[in-house]
Amino acid sequence: MAQIPEKPSLDGLEQRWSEIWEEQGTYRFDRTRTRAEIFSIDTPPPTVSGSLHMGSAFGYVQTDAIARYQRMRGRHVFYPMGWDDNGLPTERRVQNFYGVRCEPHLPYDPGFVAPDKPGKDVVSISRPNFLELCDRLVAEDEAAFEELWRRLGLSVDWSLTYTTIGPGARRTSQRAFLRNLARGEAYQADAPTLWDVDYRTAVAQAELEDREMPGAYHALHFHRADGSGDVIIDTTRPELLAACVAVVAHPDDDRFRPLFGTDVVTPLYGVRVPVVSHHLADPEKGTGIAMICTFGDTTDVVWWRELQLPTRAVLGIDGRFKAEPPDVIAGTGAIAYADIAGRTAKQAQKIIVEQLRSSGELDGDPRPITHPVKFYEKGERPLEIVTSRQWYLRNGGRDLELRAELLGLGKELEWHPENMRVRYESWLDGLNSDWLVSRQRYFGVPFPIWYRLDGEGNARYGELLLAADESLPVDPSTDCPPGFVEAQRDMPGGFTADPDVMDTWATSSLTPQIVTGWVDDPDLFERTFPMDLRPQGPEIIRTWLFDTVVRARLEHGALPWTDTTINGWVLDPDRKKMSKSKGNVVTPMPLVEEYGADALRYWACNGRPGVDTAVDFGIMKVGRKLAIKILNASKFVLGVAGDAADEIAAVSTPLDRSMLLALASLVDDATTAFEGFDYARCLEHTERFFWSFCDDYVELVKSRAYGDADDAVVKSAAVTLRVALATLLRLFAPVLPYVSEEVWSWWRDGSIHRSDWPSGRELRIGGADPLVYEVAADVLGQVRKVKSTMQVSLAAPVQNVCVIDTPARLDALAAARADVCDAGKIAELDTEPGSVASVRVELAAPSGDS
RNA sequence: GGGCGUUUAGCUCAGUCGGUAGAGCACCUGCCUUACAAGCAGGGGGUCGGCGGUUCGAGCCCGCCAGCGCCCACCA
């Protein structure tokens, strides 16, 4: 047994216990266990290139409390930690941190030294050099995250870390992709895709967000081909006029019905385009007739596809107008187009408006409006739609049968809180395309694919050259396809690498397979998959959660886990959403320094499951006070209760038994709460009980406990105090791992975090009466109230107390009579049966001297 | 436009069978009491967002409305 400190303190606990936990492998996973004995958690790999913020601490602490509970319940917790370093956020961070840009055509420079800080000019570097910088920076970021996680006491097995760009993740991603391809679940298509003109990459539906943007309706004069007049068409994007391939109205719209099947002529360019009908055309919008461009928005794509219209693309992948207009534009039209060639959409719009004004084909002035515009969630300019060759993965976006199955899996999954399921369902409901998984970026998992080149050096996209399974992971830009040699790269008759990398979610959606060893550890896989729990944030249900279900359905035909907990969002102290641009981001480490890890955890676990929670220093302060109280109360209990053995049979007095009965109810309630992943309820109820335990029970038995240890009633108090302390500490342990471990170490061997979760049954002793503790505490409270009102010390003696109450309560009081009198310094205690409960307190006369 | 959630004390929030409104913080008044003054005891403070309904009885169940937050959506 360790020494109980004279003056217990929280200082240094975190340092000391993290080291001991690490040394002793307290949270080490035992992989010899069977699936039924294991609780496996698919922890979110945090985006390491982002800053550490309170959100990074909030959800992870809640999950850790659940992990700790499961561990104490006897489950062998499989709790790995990953780092999401793959993808655009890292690329951006590297670009900004070093002031570099990746230029894939440049050769590798082995002597390249990265600048310490960005120079005046952006330095262009090769893809391999760029990737080296990515690797270097994420290593630093990962170290910072690990430090915070360890400090916060996350009970992960640090020997089981992974990164989403690491070899295991690359191998898993590539293998899964090749298997998707073999089963026809992955395919490539040359089709219009949403495109970010700054990052020059395709983006998926899941990465879109609408932003309310100013715009304007421009009323354009289209001319009837038969010369019978003009048709006015409203558009917010007049600059795309050159890409117009038709105009469209609703089939039932009588205003335009006569025009269907005829042609109109576009302003400025004089191009004849047909008037077509489609049910998506909204008679209420604009003038009721719209121009269809390839492509102004996603509705254009639908019209283009369903009405089989020609393609007249005008925007390049850089978001600028192409040098040459579509073929149908010639003569004066081509001259007009020359003014916008090479311009951005914004610049071109101004020019077009001037041109339309001069030609008299603009009806009135543009009318400003605000309207939702699609953006890449990390992007700065509106998305354009560009036709390009991309890889897709089937996700139910265009396959009703698969969609129904995914819906079924969503219903099968246990959601906590339950109502989060609707987000999954409404996302699935709104899916309108398969998952675009290729990105024209660099720091990601490459597709393990090459293409045959024909005699003229053109890629034959139908002739895929696939990497062999055992060769994974491969980088097709440096590795050769089976049967080829490097000299044949990009040579006629040879091969060329697929240049793209996978969407970061294409890797993240495989975290269950990555951590459980699907590719190269079948033994581990069998013991841990399907997993038990996916904890995550609400904002990535449509990406991470949904995609993971899709991949598991495609690969295993089953859910990847049985349960998911969706944590709430962290708001800043003023209850605003935290964001870097608002400058209101709070970082956790200084708060850990100030209040302690347990206090920060207390704050996080005070937030109800799934409920948005504001950063609240007051709550952290309360958590710190609680931790200190636990130290002090434990010091007292262990000091006064000596070395009493924990024989519950020695608990003999009615008050002790009554308190243990109440404690048993608490344990049952806490257990039920945790079984439902409700750490907050367990904490709240345990905390409430603990304070009353300190204020009432401890005060009631204090003087008895100081007595002769051989006396049966003294021993009863000692044993009860110890049993209750041991129970309460274990209920606190999932939330307050440091202080509970510290106190545990004063009198117990082994880690509290490896001890058994308490059971209510053991605390129920036959014949215990719940009223005894209740009435004793009530009477003591009444006595205190009088002393407080009279402004005398609580130590002041009381001459007489008369309690009037029901016979049952008076009986209960009688059973605790001695303790109540001792605690209240009461000389005489009288009782009187009565229907109206009251307590009369008569203080002893002052002794005269002070 | 559709949906989910939320609204309870000055603040942050509990309130799980429908049965006399709770906690912490803050504020006020006391108290050095042999674990803890980083403590303890006590006190004031609420038309439970609004309206209507069901019920002997509604913070809780039902309907409508409003504010706030979020999710989804093919708005030229």
Side-chain angles (χ1 to χ4, degrees), chain A residues 4 7-10 210 215 217-218 233-237 240 247-248 278-282 284-293 296-303 369 371-373 417-432 538-539 541-542 568-569 571 573 575-577 603 606-608 610-614 616-619 621-622 624-640 669 672-673 676 678 680-681 684-685 687-688 691 694-695 698-699 702-703 706 780-781 783-796 823 825:
Chain A
I4 300 172
K7 184 105 177 118
S9 156
L10 298 175
D210 282 352
Y217 275 127
H218 302 72
I233 296 182
D234 272 336
T235 178
T236 54
R237 302 208 59 187
L240 292 180
V247 300
V248 64
H278 192 276
H279 67 275
L280 284 184
D282 182 353
E284 304 293 315
K285 206 149 288 169
T287 57
I289 184 164
M291 71 175 191
I292 303 176
C293 302
D297 62 27
T298 50
T299 317
D300 282 341
V301 178
V302 174
W303 283 325
I369 55 162
H371 60 158
V373 176
E418 225 247 326
N419 62 300
M420 289 293 178
R421 178 186 283 112
V422 302
R423 300 200 184 196
Y424 174 96
E425 291 176 350
S426 59
W427 170 249
L428 190 56
D429 190 48
L431 265 189
N432 55 28
E539 76 284 8
I541 290 174
R542 68 175 180 174
W569 198 257
L571 308 171
R575 300 202 61 72
K576 296 272 172 8
K577 197 167 162 178
W603 163 76
N606 227 328
R608 259 46 206 180
V611 174
D612 294 350
T613 301
D616 188 333
F617 308 119
I619 304 271
K621 230 177 267 182
V622 172
R624 183 172 178 84
K625 271 169 57 177
L626 173 62
I628 291 170
K629 185 79 173 177
I630 290 172
L631 287 177
N632 285 317
S634 302
K635 179 193 157 197
F636 169 75
V637 166
L638 295 177
V640 79
D669 182 76
T672 305
D678 193 348
R681 186 182 167 90
E684 183 198 348
H685 289 206
E687 186 187 9
R688 190 189 305 154
W691 284 103
C694 291
D695 297 343
V698 168
E699 293 304 324
K702 194 182 258 179
S703 64
Y706 277 124
L780 181 59
V783 173
R784 283 176 184 149
K785 183 169 179 169
V786 170
K787 290 181 179 176
S788 188
T789 309
M790 302 301 288
Q791 305 199 345
V792 301
S793 161
L794 291 179
K825 312 262 190 249

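No experiment lies behind these values; they were computed from the predicted model shown. Every chain is numbered from 1, with letters handed out A, B, ... down the list of sequences. Any value given below was found using the heavy atoms of this structure, including those in side chains, with hydrogens, waters and symmetry copies removed.
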Checklist entry - When all nucleic acid strands are considered with a 4.0 Å heavy-atom cut-off, which category describes A/Asn606: base, sugar-phosphate, or nothing? => result nothing

Checklist entry - Within the structure shown, what part of the strands sits under 4.0 Å from A/Gly288 by heavy-atom distance: base, sugar-phosphate, or nothing? => result base

Between protein and nucleotides 4-8 of chain B, what N or O pairs are separated by less than 3.5 Å?
residue : atom : partner  : partner atom : Å
B/C4    : O2'  : A/Asn419 : ND2          : 3.0

Item to check | Letter per nucleotide, 5' to 3', of nucleotides 17-24 of chain B [B base touched, S only sugar-phosphate touched, - untouched; heavy atoms, 4.0 Å] | outcome: -------S

Next on the checklist: Categorize A/Ala281 for me: base, sugar-phosphate, or nothing, with a 4.0 angstrom heavy-atom threshold over every strand shown.
Outcome noted: base

Checklist outcome for this item: Heavy-atom closest pair (A/Tyr217 atom, A/Ile369 atom, distance to 0.1 Å) is CD1-CG2, 3.8 Å

Checklist entry - Considering only the C1' atoms, how many Å lie between B/U7 and B/G46, rounded to the nearest integer? => result 14 Å

Next on the checklist: I want to verify the glycosidic state of B/C17; is it syn or anti under the 90° rule?
Outcome noted: syn

Next on the checklist: Checking contacts here: which listed nucleotide (B/A73, B/U33, B/A76) is nearest the side-chain heavy atoms of A/Asp210?
Outcome noted: B/A73

Checklist entry - Closest approach of A/Pro538 and A/Arg423, non-hydrogen atoms and distance? => result CB-NH1, 3.7 Å

Checklist entry - Using the C1' atom in both, what is the distance from B/U47 to B/A21, to the nearest Å? => result 12 Å

Item to check | Nucleotide nearest A/Thr299 when distance is taken to its side chain, options B/C74, B/G30, B/A41 | outcome: B/C74

Checklist entry - Can you name the side-chain hydrogen bond (donor to acceptor under 3.5 Å, both in side chains) partners of A/Lys702, sequence neighbours left out? => result A/Glu699

Item to check | Nearest-Å distance once atom P is located in both B/C32 and B/G22 | outcome: 31 Å

Checklist entry - Shortest non-hydrogen contact from A/Cys293 to A/Leu240? => result SG-O, 3.5 Å

Next on the checklist: Between P on B/C32 and CG on A/Asn632, what's the gap in Å once rounded to a whole number?
Outcome noted: 20 Å

Next on the checklist: Tell me the interatomic distance from A/Glu699, atom CD, to B/A41, atom C1', rounded to whole angstroms.
Outcome noted: 10 Å

Checklist entry - If you find the nucleotide of RNA chain B closest to A/Cys694 and the one closest to A/Val302, which residue's nucleotide is nearer the 5' end? => result A/Cys694

Checklist entry - Is A/Thr299 close to A/His278 at the side-chain level, that is, under 4.5 Å between some pair of heavy atoms? => result no

Checklist entry - C1' atom, B/A26 versus B/C13: distance in rounded Å? => result 14 Å

Next on the checklist: So A/Ala290, base contact, sugar-phosphate only, or nothing? Heavy-atom distance under 4.0 Å.
Outcome noted: base

Next on the checklist: Rounded to whole Å, how long is the line connecting atom NZ of A/Lys285 with atom C1' of B/G1?
Outcome noted: 10 Å

Item to check | Whole-Å distance separating the CH2 atom of A/Trp691 from the C1' atom of B/A38 | outcome: 10 Å

Next on the checklist: Could you tell me how far B/C27 sits from B/A38 if I compare only their P atoms? Round to whole Å.
Outcome noted: 16 Å

Checklist entry - Checking all strands, does A/Pro372 fall into the base, sugar-phosphate, or nothing category for heavy-atom contacts under 4.0 angstrom? => result base

Item to check | Residues forming a side-chain contact (heavy atoms from CB on, under 4.5 Å) with A/Ala796, sequence neighbours excluded | outcome: A/Val792

Checklist entry - Should A/Arg542 be listed as having a side-chain N or O under 4.0 Å from OP1 or OP2 of B/C72? => result yes

Item to check | OP1 or OP2 of B/G43 under 4.0 Å from side-chain N/O of A/Lys785 | outcome: yes

Item to check | Sugar-phosphate only, base, or nothing, as touched by A/Asp282 at under 4.0 Å among non-hydrogen atoms | outcome: base

Next on the checklist: Can you tell me how far apart NZ (A/Lys825) and NZ (A/Lys787) are? Round to the nearest 0.5 Å.
Outcome noted: 7.5 Å

Next on the checklist: Please enumerate all residues that pass side-chain contact (heavy atoms from CB on, under 4.5 Å) together with A/Val373, with sequence neighbours excluded.
Outcome noted: A/Met213, A/His371, A/Phe375, A/Pro382

Checklist entry - Rounded to the nearest 0.5 Å, how far does CZ of A/Arg237 lie from CG of A/Asp300? => result 9.0 Å

Next on the checklist: Can you tell me which nucleotide in B/U33, B/A38, B/A37 comes closest to the side chain of A/Lys7?
Outcome noted: B/A37

Checklist entry - Any donor and acceptor pair, going by atom type alone, linking the side chain of A/Ser634 with main-chain N or O of A/Ile630 inside 3.5 Å? => result yes

Checklist entry - Between A/Ser426 and A/Val611, which is nearer to the 5' end of RNA chain B once each is assigned its nearest nucleotide? => result A/Val611

Item to check | Minimum heavy-atom distance between A/Ala633 and A/Cys694, given as atom pair plus value | outcome: CB-SG, 3.8 Å

Checklist entry - List RNA chain B stems (3 or more consecutive Watson-Crick/G-U pairs, under 3.5 Å)? => result B:1-7 with B:66-72, B:10-13 with B:22-25, B:27-31 with B:39-43, B:49-53 with B:61-65

Checklist outcome for this item: Heavy atoms of A/Leu280 and A/Trp303 approach each other most closely as CB-NE1, 3.6 Å

Next on the checklist: Can you tell me how far apart NZ (A/Lys621) and CD1 (A/Ile619) are? Round to the nearest 0.5 Å.
Outcome noted: 11.5 Å

Checklist entry - What nucleotide, of B/A76, B/C40, B/C72, holds the atom closest to the side chain of A/His371? => result B/A76

Checklist entry - On a whole-Å scale, what distance lies between the C1' atoms belonging to B/G18 and B/C4? => result 25 Å

Next on the checklist: Nearest to the side chain of A/Leu280, heavy atoms from C-beta on, is which of B/C74, B/C72, B/A76?
Outcome noted: B/C74

Checklist outcome for this item: A/Asp612 CG to B/C71 P, in whole Å, measures 10 Å

Next on the checklist: What is the distance, to the nearest angstrom, from the CH2 atom on A/Trp603 to the P atom on B/A14?
Outcome noted: 15 Å

Checklist entry - Just wondering, do A/Thr613 and A/Leu571 contact through their side chains at under 4.5 Å, heavy atoms? => result no

Next on the checklist: Give me the distance, rounded to whole Å, that separates B/C17 from B/U6 when you measure between the C1' atoms they each carry.
Outcome noted: 24 Å

Next on the checklist: Over all strands shown, is A/Asp429 touching base, sugar-phosphate only, or nothing at heavy-atom distances under 4.0 angstrom?
Outcome noted: nothing

Checklist entry - Which value, in whole Å, describes the distance between the C1' atoms of nucleotides B/G30 and B/C48? => result 32 Å

Checklist entry - Between A/Lys629 and B/C40, does any side-chain N or O lie under 4.0 Å from OP1 or OP2? => result yes

Checklist entry - With a 4.0 Å cut-off on heavy atoms, is A/Lys621 in touch with a base, just the backbone sugar-phosphate, or nothing at all? => result nothing

Checklist outcome for this item: Among B/A76, B/C74, B/A14, the one nearest any side-chain atom of A/Thr298 is B/C74

Checklist entry - Roughly how many Å is it from CG in A/Leu571 to P in B/C11, rounded to a whole number? => result 16 Å

Checklist entry - Taking all non-hydrogen atoms of both residues, which atom of A/Met291 and which atom of A/Ile233 are closest, and how far apart? => result N-CG2, 3.7 Å

Checklist entry - In whole Å, what is the span from the CZ atom of A/Phe636 to the P atom of B/G39? => result 18 Å

